[in-house]
A.B. asks: 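Starting off with a structure, shown below.
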Amino acid sequence: MADLEALQRGWRIERLSLVGYSWGGLLALLYATQHPSRVRALVLVAPAAGWGDYHRRFKQEFARRSASEVVARMRAELETSGLRESDPEAFRQRRFALNVAGYFRHPHDAAGSTPFVVQAQAQAATWASLKGYGPELRRDVEALHVPVIVLHGRHDPIPLGWAEELAAALPDARLVVLENSGHVPYVEEGERTFEVIRRFLKEHADS
């Protein structure tokens, strides 16, 4: 958030329209609660959960999906494909796709995912830094008078209840449920996702 504030000052942007996805959605929300006068509008796409037991439930659901028969079969097919030897880079990409398949409504839709690395130690430390902050965050959210749109996939491993509770807590928010998406709506339902975002940002361009 300090980096975002530094960029805003450096670019001399008086008020931002922030779009945050997943963990970035929670970061955007945190920034807006701390600097509401600097935020024009907020778009939260599949935001990570900031309070309650939703994060725990997400981890359980993601683990369940990752261990499903479909994903297990896809892993077995990859291991016996010979791709590890013939094209190590392609093998790495497909193995990564299987590691994130649980985020998607249909595991096969993860096939084109670009590999990235999540440092487990940094991830654990980040979540630990928010421990116990949920009640305070909720109070801050209830006092945030900024236009917000929350987009959440019906099949997201993060429970829909989190998005519903968040949208209800925000004074000026609207929830859009994307019926054919998991946690990656910009891939799974890209046209609909970007249509909603563009329309919302246009509505609040001069607010």
Side-chain angles (χ1 to χ4, degrees), residues 19-27 29 43-128 130-131 134 150-167 175-197:
V19 180
Y21 164 68
S22 191
W23 172 247
L26 182 55
L27 284 180
L29 182 64
V43 177
L44 307 177
V45 183
W51 63 71
D53 70 341
Y54 295 111
H55 183 60
R56 177 189 62 80
R57 290 165 58 189
F58 151 71
K59 290 195 294 183
Q60 288 181 338
E61 175 62 13
F62 183 76
R64 185 193 68 79
R65 295 185 187 193
S66 297
S68 70
E69 281 188 24
V70 173
V71 175
R73 185 167 59 251
M74 292 168 68
R75 288 185 191 280
E77 291 171 355
L78 177 61
E79 291 297 331
T80 59
S81 67
L83 196 63
R84 185 197 298 268
E85 295 75 27
S86 63
D87 192 340
E89 186 59 32
F91 176 83
R92 173 176 170 270
Q93 192 278 328
R94 292 191 188 179
R95 186 172 60 180
F96 172 84
L98 289 172
N99 289 338
V100 299
Y103 286 113
F104 291 76
R105 178 185 181 186
H106 300 295
H108 289 89
D109 289 344
S113 302
T114 301
F116 60 85
V117 175
V118 175
Q119 297 291 343
Q121 185 176 359
Q123 184 182 45
T126 302
W127 280 108
L130 289 169
K131 189 175 182 179
V150 181
L151 292 88
H152 194 92
R154 175 74 67 183
H155 307 276
D156 195 323
I158 298 176
L160 177 59
W162 156 245
E164 292 172 334
E165 191 171 331
L166 175 60
L175 171 64
V176 175
V177 178
L178 299 163
E179 297 294 338
N180 299 308
S181 296
H183 188 63
V184 197
Y186 60 89
V187 172
E188 300 170 282
E189 218 169 334
E191 186 174 341
R192 169 69 172 149
T193 299
F194 289 112
E195 174 194 0
V196 170
I197 292 174

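Nothing here was measured: the structure is a model prediction, and the numbers come from that model.
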A.B. asks: Is the closest side-chain heavy-atom distance between Glu79 and Arg84 below 4.5 Å?
C.D. replies: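 They are in side-chain contact.
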A.B. asks: Check Ala110 against Ala101 and note the closest heavy-atom contact, atom names and distance.
C.D. replies: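 Smallest interatomic distance, heavy atoms only, reads CB-CA, 3.9 Å.
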A.B. asks: Is the closest side-chain heavy-atom distance between Phe104 and Val187 below 4.5 Å?
C.D. replies: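 Counting from C-beta outward, Phe104 and Val187 do come under 4.5 Å.
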A.B. asks: Once the angle between the rings of Phe58 and His183 is folded into 0 to 90°, is it parallel (under 30°), tilted (30 to 60°) or perpendicular (over 60°)?
C.D. replies: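 Tilted: the ring planes of Phe58 and His183 meet at 30° to 60°.
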A.B. asks: Side chains of Arg95 and Leu98: does their closest heavy-atom pair fall under 4.5 Å?
C.D. replies: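 No, their side chains stay 4.5 Å or more apart.
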A.B. asks: Measure the spacing between CD of Gln60 and CG of Asp53 and express it to the nearest 0.5 Å.
C.D. replies: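 Between atom CD of Gln60 and atom CG of Asp53 there are 8.5 Å.
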A.B. asks: Contact between Val100 and Val184 at the side-chain level, heavy atoms closer than 4.5 Å - yes or no?
C.D. replies: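 A side-chain contact under 4.5 Å is absent here.
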A.B. asks: Show your working on side-chain hydrogen bond (donor to acceptor under 3.5 Å, both in side chains) between Glu188 and Ser181 and close with a plain yes or no.
C.D. replies: CA-CA 5 Å; Glu188 300 170 282; Ser181 296; 4.7 Å; no
A.B. asks: Checking Glu61 against Arg65 for the salt bridge (charged side-chain N to carboxylate O under 4.0 Å, His left out) test, could you report, in this order, the C-alpha distance in whole Å, the side-chain angles of both residues, the deciding distance, and whether it holds?
C.D. replies: CA-CA 6 Å; Glu61 175 62 13; Arg65 295 185 187 193; 2.9 Å; yes
A.B. asks: Apply side-chain contact (heavy atoms from CB on, under 4.5 Å) to Glu164 and Val177, showing your working.
C.D. replies: CA-CA 9 Å; Glu164 292 172 334; Val177 178; 5.7 Å; no
A.B. asks: Which distance, rounded to the nearest 0.5 Å, do you find between the CG of Leu78 and the OG1 of Thr80?
C.D. replies: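 The CG atom of Leu78 sits 8.0 Å away from the OG1 atom of Thr80.
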A.B. asks: State, to 0.1 Å, how close His152 and Ile158 come at their nearest heavy-atom pair, and which atoms those are.
C.D. replies: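 Here His152 and Ile158 meet closest at NE2-O, 2.9 Å.
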A.B. asks: Can you measure from CZ (Phe96) to OG1 (Thr114) and round to the nearest 0.5 angstrom?
C.D. replies: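 It is 8.0 Å, given to the nearest 0.5 Å.
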A.B. asks: State, to 0.1 Å, how close Pro185 and Tyr21 come at their nearest heavy-atom pair, and which atoms those are.
C.D. replies: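 The pair with the smallest heavy-atom distance is CD-CE1, 4.4 Å.
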A.B. asks: Are the side chains of Phe91 and Ser86 in contact, using a 4.5 Å heavy-atom criterion?
C.D. replies: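 No, side chains not in contact.
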A.B. asks: I'd like to check Arg75 versus Asn99 (side-chain heavy atoms, cut-off strictly below 4.5 Å). Are they in contact?
C.D. replies: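 Yes - at least one pair of side-chain heavy atoms lies under 4.5 Å apart.
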A.B. asks: Starting from the C-alpha separation in whole Å, work towards a yes-or-no answer on side-chain contact (heavy atoms from CB on, under 4.5 Å) for His108 and Val70.
C.D. replies: CA-CA 9 Å; His108 289 89; Val70 173; 4.1 Å; yes
A.B. asks: Rounded at 0.5 Å granularity, tell me how far CG in Leu166 sits from OH in Tyr54.
C.D. replies: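 So the CG of Leu166 and the OH of Tyr54 are separated by 10.0 Å.
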